[in-house]
Amino acid sequence: MENVIEETKSIMKKYGIRANKNLGQNFLIDEDTINTIIESAEIKKEDCVIEIGPGLGTLTKELVKKAGKVICIELDSKMISILKDRFSEEVTLINQDILKVDLKELIEEQKKEKRVVKIVANLPYYITTPIVMKLLEERLEIESITIMIQKEVAERLTCIPGEKDSGAITYSVYYYAQAKRIKEVPNSSFLPEPEVTSEVIQLILRKEPVVKVKDEKLLFQLIKVAFMQRRKTLQNALSKSPFFENKQQIKQILEKLQLDEKVRGEELTIEQFAEIANQIIQQKGE
Ligand code: SAM
């Protein structure tokens with residue numbers, strides 16, 4: 001690998017690029033971290049890698065060496081011009097907002113070619129959560145997601161539901177995937193330096209969700225309501241929710257599941273939330 005710092009600076013100079021903060025442009029300039037991302041993604045020739053936010057193409061350059069196919073989705077058309085020059089026929093470029101791309105269709109096309117689809121990205125941090133949720137909730141046929149994100153977000157996405165750093169999103173990630181923390185990355189590994197510490201994480205998608213639930217939407221609505229008022233007891237948080245007509249109904253469910261009436265939502269496992277969701281449906285006689 002050439003000296004990445006020099007290469008990045010020279011590309012930026014050649015094309016007159018100034019990193020756009022609003023687009024979360026912090027270019028990766030640390031060789032060790034690039035290697036870690038590429039190695040942890042375990043890319044093979046039969047794989048199609050979808051890279052989100054390729055920027056100047058630092059990761060892309062390594063991805064094309066390993067993958068059978070690389071598709072880059074980048075919002076900034078200036079970056080697209082650079083990528084066209086650097087990789088011409090080697091990569092498929094999509095100049096669009098990742099949140100608006102029809103990933104289902106794109107991935108189905110890859111599946112027809114018998115490719116295993118993997119996501120690799122140094123994500124734009126301002127939209128980490130919507131991107132991760134899109135990748136998971138759309139039930140795409142992806143094998144793994146290897147991404148650089150902000151460290152605090154990494155902690156929330158990768159902990160076990162019920163642990164200290166849990167948020168509502170922890171339950172969603174755990175439902176769909178097995179999460180692994182890979183490497184903490186200091187600010188100095190980027191140009192320009194972001195204000196936060198970063199971390200590489202990996203999500204391996206589960207073949208089946210971790211719990212069986214009759215109504216997935218209800219499960220996540222329930223978790224969301226519980227976490228919106230996380231300091232309250234679960235009973236109080238849910239009492240104003242549309243799921244119950246009165247407190248007695250919640251009490252009955254908590255008793256049935258042998259949960260203390262003072263328990264807070266953040267103390268519950270995903271299995272317990274799933275049981276509550278299933279009990280709500282039973283109470284309604286559906
Ligand atoms: N992959 C490059 C690297 O590691 O040096 C750049 C990573 S930079 C943190 C994030 C990239 O995402 C930028 O190139 C930015 O233009 C792009 N980006 C920002 N918002 C986007 C969006 N909504 N859809 C697609 N790409 C986006």
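No hydrogens, no waters, no symmetry mates; every other heavy atom, side chains included, goes into these values. Whatever order the structure lists ligands and atoms in, that order sets their numbers, starting from 1.
The protein heavy-atom contact nearest to atom 26 (N) of ligand 1 is L75 N, 3.3 Å. Protein heavy atom in closest approach to atom 19 (C) of ligand 1: L23 O, 3.1 Å. For atom 23 (N) of ligand 1, the nearest non-hydrogen atom of the protein is D97 OD1, 2.9 Å. At the shortest separation from atom 16 (O) of ligand 1 among protein heavy atoms lies E74 OE2, 2.6 Å.
The backbone N or O of E42 lies less than 3.5 Å from a partner atom in the side chain of K118, making a donor-acceptor pair. Looking at E138, its side chain never comes within 3.5 Å of a backbone N or O of L135 through a donor-acceptor pair. Here the side chain of N26 pairs no donor or acceptor atom with the backbone of L191 at under 3.5 angstrom.
Between P124 and ligand 1, a contact under 3.5 Å exists for no N or O pair. Of the N or O atoms in I98, one or more lie within a sub-3.5 Å distance of an N or O in ligand 1. Remark: ligand 1 and Q25 share an N or O pair separated by less than 3.5 Å (distance only, no angle test). Distances between N or O atoms of N26 and those of ligand 1 include no value under 3.5 Å. The shortest N or O to N or O distance between G53 and ligand 1 is below 3.5 Å.
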Checklist line | Working for side-chain contact (heavy atoms from CB on, under 4.5 Å), residues I253 and I280 | finding: CA-CA 8 Å; I253 292 182; I280 292 175; 4.1 Å; yes
Check: Run the salt bridge (Lys or Arg N to Asp or Glu O under 4.0 Å) check on E141 and K104 step by step: do they pass?
Finding: CA-CA 8 Å; E141 273 196 78; K104 205 154 208 137; over 6 Å; no
Notebook entry, point to check: Is there a side-chain contact (heavy atoms from CB on, under 4.5 Å) between R181 and E199 once you walk through the steps?
Noted result: CA-CA 8 Å; R181 297 173 78 166; E199 194 163 313; 2.5 Å; yes
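In this structure, L56 does not count as a contact residue of ligand 1, since none of its heavy atoms falls inside 4.0 Å of the ligand. I52 does not count as a contact of ligand 1, since none of its heavy atoms falls under 4.0 Å from the ligand. For the pair Y125 and ligand 1, no heavy-atom separation below 4.0 Å is found. Between L99 and ligand 1 there is no heavy-atom distance shorter than 4.0 Å. Contact between Q96 and ligand 1 is present, with at least one heavy atom of the residue lying under 4.0 Å from the ligand.
With a heavy-atom cut-off of 4.0 Å, N20 does not touch ligand 1 at all. Residue-level proximity to ligand 1 for F190 is absent, since no heavy atom of it falls below 4.0 angstrom.
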